[in-house]
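Report on the structure given below.
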Amino acid sequence: MKAYMVDKSALAHNVGVILQKAKGATVWGVIKGDGYGLGCVNMARTLSAYGIDHFAVTDVSEVRALRQEGFEECPILMMEGTCNPAEINELLDNRAILTIGSIEDAEMVNQVAKERSTVAEAHLKIDTGMGRYGFLPEEIETVYSLYTDCPHIAFSGIYTHFGCAVDAAITEKQFEKFQQVVQELRAAGFETGMVHCCNSTAFFKYAHMHCDGVRIGSALLGRVAFPGKSGLKTVGYCQAELEEIRTIPAGHTVGYGAGFVAKRQTRIAVLSVGYFNGFGVDRGFDLWRFQDCIRGVARYIKAFIKKKALYVHVNGKACRVLGHVGMVNMVIDVTDCDCKVGDMARVNINPLLLKGVEIVYF
C-alpha cells in the first residue's frame, strides 16, 4: 500500500497564515497543474472550507471540473490567454474570467462574445519581464484600443507575473513598470478593476505589492522558494509499507550498477516507491548559461563532500536509501531501526512530481 497523505489541518493552518498576512486583499487560490498535483477539485473544496473562494487555473478542463463539481458561483480566473474559438466558448459557458494578453486574444474573444450576444469578463495581462503572455508596457496605446474597440469584453482586473521574485531589485523594477501601466490606464479614464501581481514568494517578501489581490499556489502547500521563516507547514507526504525486510552480508551490493556495497552486515527493507512516483527526481537542468552550469557543478561537489544521501523515515527514525532509487521501489537501511514488515515509511515527494500514487485527504 502506498498513498500521498494530504493533511487538511496543515492546509487550514497555511490558509490562516495567508489570509492574515493578506490583510483584506483578495486571495486567489492557484490550483493549476491539477491542484499542484493534489487534485484540482479536492484542493478547491478544502480551500473553500477554510475561507478561500477565488480560484485561478491554467487549463480549460480545470474550469470545467470545478463547475461540474459544484463550484457554480465562485470566480475562476483562467490565467492563460487563448484565441481558440472552441476554448473561448467553453470558458464562457462555464463563466470563467478570461485572460487577455494579446491583440489576437482580444479580437477573437470579442468576436465570439458578440456572436453569443454577451460580454466576456476578462483580466488584462501585462508582461513586465516574464516573457510568456501579456502586453509590453510600451504597448500602452494598443492596450487603450482594447477598451475602445472591444465592446464585448469587460475588464474587471489587470495583472502581471514576477519571473524572479526572490530577487528584490528585479522584482521592484517589474512592479514599477506594472504600476506605471495601471496609472496610465486610470489617467486615460479606463477602469482597471482588481490589480494583482504577487505570487507566493512575492506575497511573503513584498507586502507593499499586495495591491487588491494576490495569487497563492505553492505557499498553500507550505513550499516556498525563499529562505527564512514563513510560518507555513508542509501539507503532504507519501507513505508506503515496508514490503520485505532481510539481512545482507558485508560486501553485498544493492541496486542497479552496484551503487551500494555493504561495509558490514546490514538489515535492509524494500518499499514500493521509486522515481516513477516522483521520489529522488530533480526537475533537472534546462538552462545552460555559464552561471547555471557553475551552480550545478558546485551543488554536486557540495553533495559529494557532505556525502549527502536520500532518507525516508520509519517509526520516527531516519533511514538512508541504499544504492540507486529504482523505478518503482527502493531499498533502505533499517539496521538501527525497530521496525517490521507492514510498518509505514514516510517519504518526502514534491506533489508536482507525483505519479501513480493514490491521494488521500485526512
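By convention here, the first residue in the shown sequence is residue 1.
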Check: Taking all non-hydrogen atoms of both residues, which atom of Thr99 and which atom of Met79 are closest, and how far apart?
Finding: OG1-CA, 3.6 Å
Checklist line | Nearest non-hydrogen partners of His152 and Thr118, listed with the distance | finding: ND1-O, 2.9 Å
Notebook entry, point to check: Counting only heavy atoms not in Glu184, do more than 12 fall under 6.0 Å of its CD?
Noted result: yes
Next item on the list: Give a yes or no on whether Tyr133 and Met130 share a hydrophobic cluster (residues Ile, Leu, Val, Met, Phe, Trp, Tyr; joining criterion: side-chain heavy atoms under 4.5 Å apart).
Entry: no
Margin query: Under a 3.5 Å threshold, yes or no: a donor from one side chain and an acceptor from the other, between Thr128 and Thr160?
Written below: yes
Check: Picking from Ile76, Val109, Thr82, what satisfies side chain to side chain contact (heavy atoms under 4.5 Å, CB included) with Leu91?
Finding: Thr82
Checklist line | Cation over ring face, Arg320 and Tyr311, 6.0 Å, 45° | finding: no
Note to self: Test salt bridge (charged side-chain N to carboxylate O under 4.0 Å, His left out) on Arg264 and Asp336; report intermediate values, then the result.
What the structure shows: CA-CA 13 Å; Arg264 59 171 182 169; Asp336 301 316; 3.8 Å; yes
Item checked: Heavy-atom side-chain contact between Glu87 and Met78 under 4.5 Å -> no
Notebook entry, point to check: Under 6.0 Å between ring centres, would you say that holds for His196 and His210?
Noted result: no
Margin query: Is it the case that the side chain of Tyr275 and the backbone of His324 share a donor-acceptor pair, with hydrogens and angles ignored and the cut-off at 3.5 Å?
Written below: no
Checklist line | Reference residue Asp105; test side chain to side chain contact (heavy atoms under 4.5 Å, CB included); the match among Ile100, Leu146, Leu98 | finding: Ile100
Checklist line | Gln174 and His161, any side-chain heavy atoms less than 4.5 Å apart | finding: no
Notebook entry, point to check: In Å, rounded to the nearest 0.5 Å, how long is the span from CD1 of Ile216 to OG of Ser200?
Noted result: 4.5 Å
Next item on the list: Mind listing the closest non-hydrogen atom pair of Asn277 and Lys355 along with its distance?
Entry: ND2-O, 3.0 Å
Next item on the list: Ignoring hydrogens and angles, tell me if any N or O in the side chain of Asn94 forms a donor-acceptor pair with the backbone of Ala96 under 3.5 Å.
Entry: no
Notebook entry, point to check: Salt bridge between Glu80 and Arg132, side-chain N to carboxylate O under 4.0 Å?
Noted result: no
Item checked: Gap between atom CZ of Phe260 and atom CG of Asp333 - 0.5 Å precision -> 6.0 Å
Item checked: Check: Ile248 main-chain N/O paired with Arg267 side-chain donor or acceptor under 3.5 Å -> no
Next item on the list: Answer yes or no: is there a donor N or O on one side and an acceptor on the other, between the side chain of Arg95 and the main chain of Cys74, under 3.5 Å?
Entry: no
Next item on the list: Flag the pair Val6 / Val360 as yes when at least one side-chain heavy-atom distance between them is below 4.5 Å, and no otherwise.
Entry: no
Check: What's the spacing between Lys317 NZ and Asn315 CG if we round to 0.5 Å?
Finding: 11.5 Å
Item checked: Non-hydrogen atoms of Leu220 and Gly29 that approach each other most closely -> CD1-CA, 4.3 Å
Checklist line | Linked, directly or transitively: Val235 and Leu354 (ILVMFWY side chains, under 4.5 Å) | finding: yes
Margin query: Between Asp343 (side chain only) and Cys339 (backbone N and O only), is there a donor and an acceptor less than 3.5 Å apart?
Written below: no
Margin query: Between His208 and Glu172, do the side chains contain a donor N or O and an acceptor N or O under 3.5 Å apart?
Written below: yes
Note to self: Within the 4.5 Å heavy-atom criterion, are Val281 and Asn350 side-chain neighbours or not?
What the structure shows: no
Note to self: Tell me if the CZ atom of Arg116 is crowded by more than 12 foreign heavy atoms within 6.0 Å.
What the structure shows: yes
Notebook entry, point to check: Is there a side-chain contact between Val273 and Met330, using heavy atoms and a 4.5 Å cut-off?
Noted result: yes
Check: Going by atom types only, do Thr201 and Asn199 share a side-chain donor-acceptor pair under 3.5 Å?
Finding: no
Checklist line | Interatomic spacing from NE2 in His252 to CD1 in Ile268 - rounded to 0.5 Å | finding: 7.0 Å
Margin query: Within the 4.5 Å heavy-atom criterion, are Lys21 and Phe204 side-chain neighbours or not?
Written below: yes
Next item on the list: Nearest 0.5 Å please: distance from the OG atom of Ser272 over to the CG atom of Asn329.
Entry: 7.5 Å
Check: Does Thr247 offer a backbone N or O that forms a donor-acceptor pair with the side chain of Gln265 under 3.5 Å?
Finding: no
Notebook entry, point to check: Among Glu191, Met194, Glu121, which residue meets the side chain to side chain contact (heavy atoms under 4.5 Å, CB included) test with Ser156?
Noted result: Glu121
Check: Does Lys23 have any salt bridge (Lys or Arg N to Asp or Glu O under 4.0 Å) partners at least two apart in sequence or in another chain, and if so, which?
Finding: none
Notebook entry, point to check: Side chains of Thr234 and Arg223: donor-acceptor distance under 3.5 Å anywhere?
Noted result: no
Next item on the list: Taking the six-membered ring for Trp and the single ring otherwise, decide whether the centroids of Phe190 and Tyr144 are under 6.0 Å apart.
Entry: yes
Notebook entry, point to check: Just by distance, do the side chain of Glu69 and the backbone of Arg45 share a donor-acceptor pair under 3.5 Å?
Noted result: no
Notebook entry, point to check: Looking at Ala240 and Leu271, what are the two nearest heavy atoms and their distance?
Noted result: CB-CD1, 4.0 Å
Note to self: Taking Asn42's backbone N and O only, do any of them form a donor-acceptor pair with Thr46's side chain (distance below 3.5 Å, no angle check)?
What the structure shows: yes
Check: Given the rule in the salt bridge (charged side-chain N to carboxylate O under 4.0 Å, His left out) test, do Arg64 and Glu90 qualify, once you have shown the distances and angles that lead to the verdict?
Finding: CA-CA 8 Å; Arg64 184 193 316 126; Glu90 183 164 6; 2.4 Å; yes
Item checked: Sub-4.5 Å side-chain heavy-atom contact between Asn110 and Glu107 -> no
Next item on the list: May I ask you to test the Lys125-Phe135 pair for a side-chain heavy-atom distance under 4.5 Å?
Entry: no
Checklist line | Aromatic contact, Tyr147 with Phe155 (centres under 6.0 Å) | finding: yes
Notebook entry, point to check: If every non-hydrogen atom of Trp28 is compared with every non-hydrogen atom of Ile97, which pair is closest and at what distance?
Noted result: CH2-CD1, 3.9 Å
Notebook entry, point to check: Shared ILVMFWY cluster between Val195 and Tyr159, side chains joined below 4.5 angstrom?
Noted result: yes
Notebook entry, point to check: Between atom CG of Leu352 and atom CG of Leu221, what is the distance when rounded to the nearest 0.5 Å?
Noted result: 7.5 Å
Next item on the list: Identify which one of Thr26, Val27, Leu47, Val30 satisfies the side chain to side chain contact (heavy atoms under 4.5 Å, CB included) criterion when paired with His54.
Entry: Thr26
Note to self: Can you see whether Glu176 engages Gln180 through a side-chain donor-acceptor pair at a distance of less than 3.5 angstrom?
What the structure shows: no
Note to self: Checking Phe55 against Phe71 for the ring pair (Phe, Tyr, Trp, His ring centres under 6.0 Å) test, could you report, in this order, the C-alpha distance in whole Å, the side-chain angles of both residues, the deciding distance, and whether it holds?
What the structure shows: CA-CA 10 Å; Phe55 301 108; Phe71 293 91; 5.7 Å; yes
